[in-house]
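Below is one structure, written out as structure tokens; the observations come after it.
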Number of protein chains: 2
Amino acid sequence: MNYATRQRSAVQKTLEDAGRPMTPAEIWTVARSLSPGLGIATVYRALRILMDMGAVEVVEIPGAPPHYERKHPQHHHHFLCEHCQRVFEVEACTSGIDQLAPAGFTVKRHSLTLYGVCNDPACVNRPAQQAQPAVAQFAGGFR
Amino acid sequence: MNYATRQRSAVQKTLEDAGRPMTPAEIWTVARSLSPGLGIATVYRALRILMDMGAVEVVEIPGAPPHYERKHPQHHHHFLCEHCQRVFEVEACTSGIDQLAPAGFTVKRHSLTLYGVCNDPACVNRPAQQAQPAVAQFAGGFR
DNA sequence: TAGCCTCTGATAAAGCATTACCGATTTGCG
DNA sequence: CGCAAATCGGTAATGCTTTATCAGAGGCTA
């Protein structure tokens with residue numbers, strides 16, 4: 001059986017208060033203020049136990065390390081701010097997404113992530129950065 | 001300037017023939033038949049150069065290592081078969097996806113991945129596997 | 001064809017996130 | 001309260017992908 005420790009409660013409370021998916025490192029920095037001396041290993045341990053309990057689940061964001069959020073009953077998606085790198089929840093979904101697959105393909109679920117700028121003033125008033133690779137060629141052409 | 005080597009052409013041809021995103025390791029196994037003795041380091045080198053040239057781009061799939069595909073002009077998405085783990089292209093997109101974000105959020109782009117079973121007979125005739133964690137509690141309840 | 005410069009293959013090393021380990025501490029039941 | 005079992009913090013170790021290194025082979029221009 002699991003014990004109810006201060007450390008584990010700190011991890012869970014951090015996720016509930018934030019209301020958005022966080023990385024283990026992100027959780028660690030916040031939860032440390034709730035449980036001084038908290039170790040990163042304990043954060044990982046707590047996350048695994050909370051997942052086994054069904055209280056927390058993993059969120060995989062393309063181009064970002066795994067995030068964790070409190071388990072949600074309803075279908076939802078995520079938004080990644082390209083400025084502050086924070087992930088937010090999007091409580092909406094358009095119908096027909098599962099009908100996009102080619103004929104003969106069966107869709108079980110889908111994952112949608114929006115990218116852009118969140119509503120934080122610090123993020124709104126800043127230009128984005130994204131390099132576009134130039135088109136070049138091999139020396140003697142292709143063979 | 002870049003040379004047009006047999007190895008690099010093998011990597012590029014592998015991606016073009018497959019017509020779907022592949023992992024470096026996946027590319028390696030196929031491209032080796034086009035260029036015997038091909039090293040994995042060369043695959044990574046070729047991919048970086050092809051990306052700099054604008055001929056190839058990265059595809060980030062949630063829950064999967066980075067894939068690479070030949071660069072596409074048109075907007076599209078991806079499908080991950082949960083049986084064979086292969087990624088396919090989905091040449092379609094529903095409108096309104098970018099309107100899902102909360103007020104004050106600016107959407108620049110989005111990433112959509114479908115999960116299910118592809119149309120390969122070997123995949124269609126096989127049950128899926130996905131464990132569902134049981135719900136439990138701490139010993140003394142929460143604090 | 002000569003010769004310079006790039007590329008290759010093999011492998012060691014780097015980079016990172018996650019996990020194992022262990023002595024010390026804390027929890028929960030009786 | 002008292003003890004057995006679970007958990008903690010700190011850190012070394014692991015696992016895996018990607019990169020650096022280097023001697024030798026190969027592509028390209030003149």
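Quick note on labels: first sequence line is chain A, next is B, and so on, each numbered from 1.
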Rounding to a whole Å, what distance do you find between [X]:[atom1] and [N]:[atom2]?
X       : N      : atom1 : atom2 : value
B:Met53 : C:dC7  : CE    : P     : 11 Å
B:Leu47 : C:dC7  : CG    : P     : 15 Å
A:Glu26 : C:dT18 : CD    : P     : 13 Å
A:Ile49 : C:dT19 : CD1   : P     : 12 Å
A:Leu38 : C:dT25 : CG    : C1'   : 15 Å
A:Arg32 : D:dC8  : CZ    : P     : 16 Å
A:Leu50 : D:dT7  : CG    : C1'   : 14 Å

Check: Do A:Val87 and A:Glu69 have side-chain heavy atoms sitting under 4.5 Å apart?
Finding: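 When only atoms from C-beta onward are counted, A:Glu69 and A:Val87 do not touch, as no gap falls below 4.5 Å.
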
Inset, instruction - List the steps, then state whether ring-ring contact (aromatic ring centres under 6.0 Å, His included) holds for A:His110 with A:His75. - result: CA-CA 10 Å; A:His110 64 253; A:His75 181 67; 4.9 Å; yes

Can you tell which of B:His78, B:His72, B:Arg20 makes a side chain to side chain donor-acceptor pair (under 3.5 Å) with B:Glu89?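 Exactly one option meets the side chain to side chain donor-acceptor pair (under 3.5 Å) with B:Glu89, and it is B:His72.
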
Worksheet item: In degrees rounded to 10°, what angle is found between the helical axes fit to the five outermost pairs at each end of the helix from C:dT1-D:dA30 to C:dG30-D:dC1?
Response: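 The angle separating the two end axes equals 40°.
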
Can you measure from [atom1] ([X]) to [atom2] ([Y]) and round to the nearest 0.5 angstrom?
X       : Y        : atom1 : atom2 : answer
A:Thr23 : A:Gln85  : OG1   : CD    : 10.5 Å
B:Glu82 : B:Tyr115 : CD    : OH    : 8.5 Å
B:Thr94 : A:Asp98  : OG1   : CG    : 10.0 Å

Donor-acceptor pair present, A:Arg45 side chain and D:dG9 base, under 3.5 Å: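 Under the 3.5 Å cut-off, the side chain and the base do form a donor-acceptor pair.
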
| said: Can you confirm whether the side chains of A:Arg45 and A:Thr42 place a donor and an acceptor under 3.5 Å from each other? | reply: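 Yes, a side-chain donor-acceptor pair sits under 3.5 Å.
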
Item checked: For B:Ile97 against B:Cys93, the heavy-atom pair lying closest together ->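 So the minimum-distance heavy-atom pair works out to CD1-SG, 4.2 Å.
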
**Prompt:** Between A:Val90 and B:Leu100, what is the shortest heavy-atom contact and its length?
**Reply:**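 Taking A:Val90 first and B:Leu100 second, the nearest heavy atoms are CG1-O, 3.3 Å.
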
Practice problem: Indicate, with yes or no, if the rings of A:Phe105 and B:Phe88 have centres closer together than 6.0 Å. | Solution: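 Yes, the ring of A:Phe105 comes within the 6.0 Å limit of the ring of B:Phe88, centre to centre.
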
Enumerate the protein-to-nucleotides 3-6 of chain D contacts in which both atoms are nitrogen or oxygen and the separation is below 3.5 Å.
unit_1: D:dA5; atom_1: N3; unit_2: A:Tyr3; atom_2: OH; d: 3.3
unit_1: D:dA6; atom_1: O4'; unit_2: A:Tyr3; atom_2: OH; d: 3.3

Please state whether the phosphate of [N], meaning OP1 or OP2, lies under 4.0 angstrom from any side-chain nitrogen or oxygen of [X].
X       : N     : answer
B:Thr5  : C:dT8 : yes
B:Thr42 : C:dG9 : yes
B:Gln7  : C:dG9 : yes

Test salt bridge (charged side-chain N to carboxylate O under 4.0 Å, His left out) applied to A:Arg86 and A:Asp120, step by step = CA-CA 11 Å; A:Arg86 287 183 301 178; A:Asp120 188 317; 3.2 Å; yes

Whether each nucleotide of nucleotides 11-18 of chain D has a protein heavy atom under 4.0 Å at its base (B), only at its sugar-phosphate (S) or at neither (-) is summarised, 5' to 3', as B-----SS

Kindly indicate, with the supporting measurements, whether the criterion side-chain contact (heavy atoms from CB on, under 4.5 Å) is fulfilled by A:Leu34 and A:Thr14. CA-CA 8 Å; A:Leu34 301 177; A:Thr14 296; 3.7 Å; yes

Which nucleotide in the list C:dG28, D:dC28, C:dC7 gets nearest to the side chain of A:Ala4?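 So the nucleotide nearest the side chain must be C:dG28.
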
